[in-house]
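Shown next, in structure tokens, is the structure this report addresses.
Letters A, B, ... are given to chains in the order of the sequence lines, protein chains preceding strands, and every chain is numbered from 1. All values below were derived from every heavy atom in this structure, side-chain atoms included, with hydrogens, water molecules and symmetry-related copies excluded.
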Number of protein chains: 2
Amino acid sequence: MAKKVKNNKRQLILDEAAKLFKAKGFGGTSMRDLGAQVGMEAASMYNHINSKDEILEIICFHVSDTYISQLAQIEQTQASYVDKIKALIHLHIRLMIEDGAAVSVANNDWKYLTADKLEAFKQARKNYEKGFAALIEQGIAAGELQPVNTSVALFTILSAVRWVELWYRPGRGITAEELEENIMTLLLNGLAK
Amino acid sequence: MAKKVKNNKRQLILDEAAKLFKAKGFGGTSMRDLGAQVGMEAASMYNHINSKDEILEIICFHVSDTYISQLAQIEQTQASYVDKIKALIHLHIRLMIEDGAAVSVANNDWKYLTADKLEAFKQARKNYEKGFAALIEQGIAAGELQPVNTSVALFTILSAVRWVELWYRPGRGITAEELEENIMTLLLNGLAK
DNA sequence: CGTAAAAACTAACGGCTGCTAGTCAACCAG
DNA sequence: CTGGTTGACTAGCAGCCGTTAGTTTTTACG
């Protein structure tokens, strides 16, 4: 019980940190800023977390772990390559909508990780990209996809999904489903008629 | 002549600042860091620039001015809507390759602009996006493009081009022309066969 | 060559940073 | 009721920040 309360406060700090890091950047967010947002003095937060760096670590690796485990799951299905890639695009859009602040931090502020954690994060991201790229490559080999450069396709897809987090709000006149459908159409069928 | 030398030093500071801001962020770059990179004490740079904020302003508005003037030029040509959009994509890729650091700063660090400059920058960007979106809208109305949501198409294109700056290096086994051709194919014709 | 302007330097300021130490109240198990 | 753990507080340290002031060196021109 006591443990649960502790976890709640800790999670609150992590959530608010993600929002602030997204809005003002890791360097632009002070522990005093974060304390004000959480409703606590800066020093008090050290009862729940060990350092500012640790907050960034937890956020970044939580996101990368999610992507990696989901990729592994999708790889094991029996779907076509097109459908596997669709599933990955779906995953990216869904995470952007559901946990946009954390994803945004993992995308933009990972470079402020401590040297060793930075290396680990870059390696994790590289592994994810390798797995994603392999799906594209196999899809091309199987004749399901256009014979474009694999890296170009990979990064274009990964980037094309990022803006969602900056733009999408419920009540913009477009639902999450419509949004996803539009992006999927664009990436798979293109803009030209 | 004396003026020219002054401009050179000033430009050197701006160029190195763009590189450092890109690598470590605006907040993560100190004037002492920048001085070391330029080969000068931090204080000495104030003979050439007025403030750290001013450096960011110059970089950001230089980029946005370039985009806006090029858009105006493209709007006035007699090409088809598809070709106008292609020209804009070409512009984005070319600027990313030629002046990647500055474009990166304008994309990522604009939020650290001073309040009034921030407002002006956001307005400029909004105007650019409006002009770009209008071309897409007209292209759809003319039957040249697929009837997707205009905003989705706009932001997908704008984002899909951003990664170039992080990834492209001459000698990666792909030329700028091939890169552009691949991206153009993906965005206009899609990944699926 | 002399002189004035341009551009570099050193030193330092007030303010903010992440974080620690020490204290004290609230709570909960025995 | 009591003892101890938890989690909040205030105060403050050492260090970096952007920037200014004042001084000295370098440069360019008549």
Side-chain angles (χ1 to χ4, degrees), chain A residues 1-21 23-60 105 109-118, chain B residues 1-21 23-60 105 109-118:
Chain A
M1 184 65 106
K3 188 73 180 299
K4 195 166 189 180
V5 169
K6 180 185 170 189
N7 280 346
N8 282 345
K9 271 282 166 60
R10 184 183 153 102
Q11 197 55 51
L12 175 64
I13 292 172
L14 294 173
D15 289 346
E16 294 301 322
K19 288 187 213 165
L20 280 182
F21 290 172
K24 316 203 291 173
F26 178 71
T29 303
S30 74
M31 292 301 284
R32 288 165 178 86
D33 289 341
L34 179 53
Q37 201 66 28
V38 174
M40 197 183 284
E41 289 302 312
S44 304
M45 289 187 294
Y46 286 82
N47 285 316
H48 304 280
I49 50 103
N50 291 317
S51 68
K52 190 189 178 189
D53 288 330
E54 193 200 43
I55 296 177
L56 182 62
E57 274 169 40
I58 296 171
I59 294 172
C60 286
V105 170
D109 289 335
W110 56 270
K111 55 185 155 188
Y112 304 114
L113 286 166
T114 312
D116 55 335
K117 302 289 176 178
L118 178 65
Chain B
M1 182 67 105
K3 188 73 181 301
K4 197 165 187 181
V5 168
K6 179 184 171 188
N7 280 346
N8 282 345
K9 271 281 165 64
R10 185 184 154 100
Q11 196 56 50
L12 175 64
I13 293 172
L14 294 174
D15 289 346
E16 295 301 323
K19 288 187 213 164
L20 280 182
F21 291 172
K24 316 203 291 172
F26 178 71
T29 304
S30 75
M31 292 300 284
R32 288 165 178 87
D33 289 341
L34 179 53
Q37 201 66 29
V38 173
M40 197 182 284
E41 290 301 314
S44 304
M45 289 187 293
Y46 286 81
N47 284 318
H48 305 281
I49 49 103
N50 291 318
S51 69
K52 191 188 179 189
D53 288 331
E54 191 199 46
I55 296 177
L56 182 63
E57 273 169 41
I58 295 172
I59 294 172
C60 287
V105 170
D109 290 335
W110 56 268
K111 56 184 155 189
Y112 303 114
L113 286 166
T114 312
D116 53 337
K117 302 289 175 178
L118 177 64

Please give, in whole Å, the distance from [N] [atom2] to [X] [atom1]?
| X | N | atom1 | atom2 | answer |
| --- | --- | --- | --- | --- |
| B/E41 | D/dG18 | CD | P | 14 Å |
| A/I13 | D/dG7 | CD1 | C1' | 11 Å |
| A/I49 | D/dG7 | CD1 | C1' | 14 Å |
| B/R10 | C/dA7 | CZ | P | 12 Å |
| A/Y112 | C/dT17 | OH | P | 16 Å |
| A/M45 | D/dT6 | CE | C1' | 17 Å |
| A/N8 | D/dT6 | CG | C1' | 15 Å |
| B/M40 | C/dA6 | CE | P | 16 Å |

- Item | Minimum-distance pair of heavy atoms, taken over all atoms of A/C60 and A/W110 | SG-CA, 4.0 Å
Side chains of [X] and [Y], heavy atoms from C-beta outward: is any pair under 4.5 Å?
| X | Y | answer |
| --- | --- | --- |
| A/D109 | A/I59 | no |
| A/I49 | A/M31 | yes |
| A/R10 | A/I58 | yes |

- Message: Which label fits A/F26 and A/Y112: parallel for a plane angle under 30°, tilted from 30 to 60°, or perpendicular past 60°?
- Response: parallel
- Item | Side-chain N or O of B/H48 closer than 4.0 Å to phosphate OP1/OP2 of C/dA8 | yes
- Between B/K9 and C/dA6, does any side-chain N or O lie under 4.0 Å from OP1 or OP2? no
- Where at least one partner belongs to residues 30-41 of chain B, residue pairs that pass side chain to side chain donor-acceptor pair (under 3.5 Å), sequence neighbours excluded: B/K24-B/D33, B/S30-B/D33
- So which nucleotide from C/dG18, D/dT19, D/dC9 ends up closest to the side chain of B/K52? D/dT19
- Closest of C/dC19, C/dC9, D/dG18 to the A/Y46 side chain is C/dC19
- Check for a donor-acceptor pair, side chain of A/S51 on one end and backbone N or O of A/E54 on the other, with a separation under 3.5 Å. yes
- Message: Among residues 24-36 of chain B, which ones have heavy-atom contacts with DNA chain C below 4.0 Å?
- Response: B/R32
- Query: Below 3.5 Å, does any donor atom in the side chain of B/N47 face an acceptor in the base of C/dA6, or the other way round?
  - Reply: no
- Task: With heavy atoms under 4.0 Å as the rule, sort B/A43 into base, sugar-phosphate or nothing.
- Result: base
